[in-house]
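Residue numbering restarts at 1 for every chain, and letters A, B, ... go by the order of the sequence lines. These figures come from a predicted structure and were not determined experimentally.
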Amino acid sequence: MSLTTVNASQLTVTEQVMKVSKNVLSKITNAMLLPIIGITIFIFFWSIAAQSIHTSLGTFPGPNAVVKQFSSLYDEHVVEREKAEAFYQRQEKRNAAKQEKNPDYVGKIRAYTGKETFFDQILTSLFTVTCGFLVAAIIAIPLGIWMGLNKRLNSAINPIVQIFKPVSPLAWLPLVTMVVSALYVSDDPMVSKSFLTSLITVSLCSLWPMVINTSIGVSSIDSDLLNVSKVLRLPTFTHIQKIVLPASVPMIFTGMRLSFGVAWMVLIAAEMLAQNPGLGKFVWDEFQNGSSDSLARIMAAVIVIGFIGFLLDRAMLELQRKVSWDKSSASV
Amino acid sequence: MNLSASENTEFLEKNTPQAFLNISQIDMVFPTDTGGFTALKNVDLKIDKGEFISLIGHSGCGKSTVLNIVAGLYQATKGGVLLQNKEVNEPGPERAVVFQNHSLLPWLTAYQNVELAVKQVFNNTMSKAEMKEWIEYNLKLVHMDHAMFKRPDEISGGMKQRVGIARALAMQPEVLLMDEPFGALDALTRAHMQDSLMEIQSELNNTVIMITHDVDEAVLLSDRIVMMTNGPEATVGEILDVKLERPRSRLSLAKDIEYNRLRSEVLTFLYEKQRKVENISSKAVTPKSIPRKRVSSQ
Ligand SMILES: Nc1ncnc2c1ncn2[C@@H]1O[C@H](COP(=O)(O)OP(=O)(O)OP(=O)(O)O)[C@@H](O)[C@H]1O
Ligand SMILES: [Mg+2]
């Protein structure tokens, strides 16, 4: 009799273990296995479809070709870095030698002007997009707060925002290009015109989601909280700092995430057309180049662009988690 | 008599100089799509310093409207409010409000919520150390000193309401306005909060106007119970003096004759004289075309 009960309890223990391990297993499946299966199937169909698409630059690149290009892009980067290193060493030697002959001689230091590698261009793109986004944020967030606080201003500006919001960067670009070349004249320009053009286009397109979300966030603050502020007779600045800003931080961040996504998309197009160094220009140059590797290299760039966009979004999300008091709003 | 606002005020000042808080012949008309909606008509009430007043009446009669006018959050259409013979026309910390749903700033801790008020009110008169002491004193008063550094989403509903009360008390208001402060709480917590409020009141002796739906709460806490008639055009129906000795204890009062008389007076007012006829007697008419489960014809 006692034997059977022991057996029974042992059974339940093993059952429980199985249940727990099943739970863990299903979590692993959801988090890892399913995405891997999805990606595998995608790669499979990609390689099949690629083989049957013939372009004037050869067959469409499959996964293999793209991986090969990744490694050759990396090799090119290493080679270029070595060249640069060698250039600087030579320059230093030359200057040292001249200085030995003539102590008054001040060595000329020139920067290496080799071509930008793929990885340099990624960094350039990240820099440009960040600048454009920051310019947009500096304009959009105060404007959005002001609009949220002032119903009349909101009614006045909202139609403009709604009309400009859906405009494609390609439409802005020619205008921005012409305006920049007309107004930005300087003998010793701090930044290149193409950089400025890309930056302004990115700002113009990523402005609107932030303006809209910020103004909605500010205008939908709980009226009880506003009453608290009124009863305390908080001065305007304190009111904004202590009540309005914290209350609308979740919405401001939602707008910033949307805007950063837009900015990254717009940047690639802007760099392509403005011929500003960066991933967009890389794609365009490869397209113009038209070698047999070009399509694979463009495809590699596409994957990198997507991956970076994803990482940027995640970074914004993490920032939101850090800054916002409302943890529930910072979800995917 | 047709007096302009300023003449009206003058008139009031001459005639009723004694009342500490004078709610004087207030009308409130809300603009609506179908013309004006007269929520309040001729509401008149004089309150002495240190008095605890309950406002009781059916839902929607206009209690919150009265309170918001005293707070300065609404402007009366006619008549006005005088606090120590000065007209009230904007909100201010001397008329602190405890809102129904606590309305603490969710991104600040209990301490910081009170601090915001204290900094604003006593910026010029208190040193940093004095402020800290004052904030802690007020939180202690509502028995919240153990959770000072928790944020509103980390404390219970009753605790939030206490912090809200501490914030209002910390402003050292001349009048404390409370809109159903315990409405959202369960019966036990509510009783507990009523006891704390009586304890605080015996210490500070504030002038208080409190809205409530709870007859026992009104009788237990108040010096006078102001019963309002049903809206629209709601006004003060009856005023009941509560002359029960303090300190009051809910247990011994339960058998008290005077307590039960007061209680039944309020109940009579609410459920006989001001019965909400339309809501109770008019049953919902069942529509003729009730969607029925489809019966197949075959
Ligand atoms: N801003 C407003 N605009 C139009 N009508 C309003 C407004 N505020 C209140 N009212 C109306 O005035 C009347 C009184 O409202 P009030 O909120 O003062 O009632 P109450 O007695 O506090 O009710 P409750 O006990 O449910 O809180 C209601 O009929 C309401 O519909
Ligand atoms: Mg109300």
Exercise. Just wondering, do A/R233 and B/P93 contact through their side chains at under 4.5 Å, heavy atoms?
Worked result: yes

For this session: Starting at NZ of A/K242, measure out to NZ of B/K119 and round the result to the nearest 0.5 Å.
Result: 5.0 Å

For this session: Give the minimum heavy-atom separation between B/Q120 and A/P235, together with the two atoms involved.
Result: NE2-CD, 3.6 Å

Exercise. Just wondering, are more than 12 heavy atoms of other shown residues or ligands nearer than 6.0 Å to NE2 in B/H192?
Worked result: no

For this session: Please lay out, stage by stage, how A/L232 and B/L116 fare under the test side-chain contact (heavy atoms from CB on, under 4.5 Å).
Result: CA-CA 9 Å; A/L232 285 173; B/L116 181 69; 4.2 Å; yes

Exercise. Should the heavy atoms of other residues, nucleotides or ligands under 6.0 Å from CZ of B/F30 be counted, would the total exceed 12?
Worked result: yes

Problem set entry | Heavy-atom neighbours of B/E154 CD exceed 12 at 6.0 Å | yes

Exercise. Which region of B/A117, side chain (C-beta onward) or backbone (N, CA, C, O), has a non-hydrogen atom less than 4.5 Å from a non-hydrogen atom of chain A, or is it both or neither?
Worked result: both

For this session: Give a yes or no on whether A/M265 atom CE has more than 12 heavy-atom contacts from other residues, nucleotides or ligands under 6.0 Å away.
Result: no

Exercise. Is the shortest heavy-atom distance from the side chain of B/R167 to the side chain of A/V228 under 4.5 Å?
Worked result: yes

Problem set entry | Gap between atom CG of A/D222 and atom CG of B/N101 - 0.5 Å precision | 6.5 Å

For this session: For the residue pair B/R95 and A/V231, establish whether any side-chain heavy-atom pair is separated by less than 4.5 Å.
Result: no

Problem set entry | Crowding at CH2, B/W134 (>12 non-hydrogen neighbours, <6.0 Å) | yes

Exercise. Taking everything shown except A/F164 itself, do over 12 heavy atoms lie less than 6.0 Å from its CZ?
Worked result: no

Exercise. Can you name the nearest heavy-atom pair linking B/L104 to A/L225, along with the distance?
Worked result: O-CD2, 3.7 Å

Exercise. Is it the side chain or the backbone of B/E94 that comes within 4.5 Å of chain A heavy atoms, both, or neither?
Worked result: side chain

